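What follows is a set of notes on a single structure, which appears directly below.
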Amino acid sequence: MTAKEMFEEAGYTYYKSKNMILYEISEIDYFLFGPGKEITMGDYRIDVATLKAINQQCKELGWI
């Protein structure tokens, strides 16, 4: 399963631009994968399914 599929299964909406990937449920519950291998999180509650999706996205981006 891809990171996009994993995040969508967890209820996140997917957005992508040239320089970033955003998965969002609300303005305070989101993950932003930006240039420079940085991840911005709006809310710090992470369940196991979301953690797996984060790890998969990092793999797909070649960060790990």
Side-chain angles (χ1 to χ4, degrees):
M1 183 178 288
T2 68
K4 179 179 180 287
E5 292 168 337
M6 294 169 81
F7 273 107
E8 287 177 339
E9 186 174 275
Y12 288 82
T13 302
Y14 171 80
Y15 303 96
K16 183 175 181 182
S17 73
K18 183 178 179 179
N19 295 324
M20 64 98 187
I21 296 171
L22 172 66
Y23 296 99
E24 180 182 53
I25 290 179
S26 69
E27 289 182 12
I28 60 170
D29 195 7
Y30 64 87
F31 293 93
L32 176 65
F33 295 81
K37 298 182 181 179
E38 58 195 28
I39 302 169
T40 304
M41 300 183 307
D43 192 348
Y44 295 99
R45 294 173 288 142
I46 301 173
D47 60 16
V48 173
T50 302
L51 179 59
K52 287 180 180 180
I54 291 168
N55 287 331
Q56 181 64 30
Q57 184 63 72
C58 289
K59 286 178 186 177
E60 291 176 18
L61 291 169
W63 295 0
I64 58 174

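Everything numeric here is computed off the predicted structure, so don't read it as measured data. Just the heavy atoms: all of them, side chains too, but no hydrogens, waters or symmetry mates, feed the values below.
Through chains of ILVMFWY side-chain contacts below 4.5 Å, M6 is grouped with M1.
A distance of 10.5 Å separates OG1 in T2 from CD in E9, rounded to the nearest 0.5 Å. For the atom pair CG (L22) and OG1 (T40), the distance works out to 10.0 Å, reported to the nearest 0.5 Å. Residue Y30 holds its OH atom at 10.0 Å from CD1 of I28, rounded to the nearest 0.5 Å. If you take CG on N19 and CZ on F33, they are separated by 15.5 Å, rounding to the nearest 0.5 Å.
Using cut-offs of 30° and 60° for the angle between ring planes, the Y12 and F7 rings count as perpendicular.
Put simply, the residue from E60, K52, K59 that forms a side chain to side chain donor-acceptor pair (under 3.5 Å) with Q56 is E60.
Sparse packing is recorded around CD of E27, with 12 or fewer heavy atoms of other residues, nucleotides or ligands lying under 6.0 Å away.
When the side chains of ILVMFWY residues are joined at heavy-atom separations under 4.5 Å, either directly or via intervening members, I21 and L51 end up in a single hydrophobic cluster.
Closest of all the heavy-atom pairs between A3 and A53 is CB-O, 3.7 Å. Closest heavy-atom contact between C58 and I39: SG-CD1, 3.8 Å. Scanning all heavy atoms of the two residues, the minimum distance from E24 to Y15 falls at OE1-CE1, 3.7 Å.
With sequence neighbours left out, the ring-ring contact (aromatic ring centres under 6.0 Å, His included) criterion links Y14 to Y23.
Between the side chain of Q57 and the backbone N or O of I54, no donor-acceptor pair lies under 3.5 Å.
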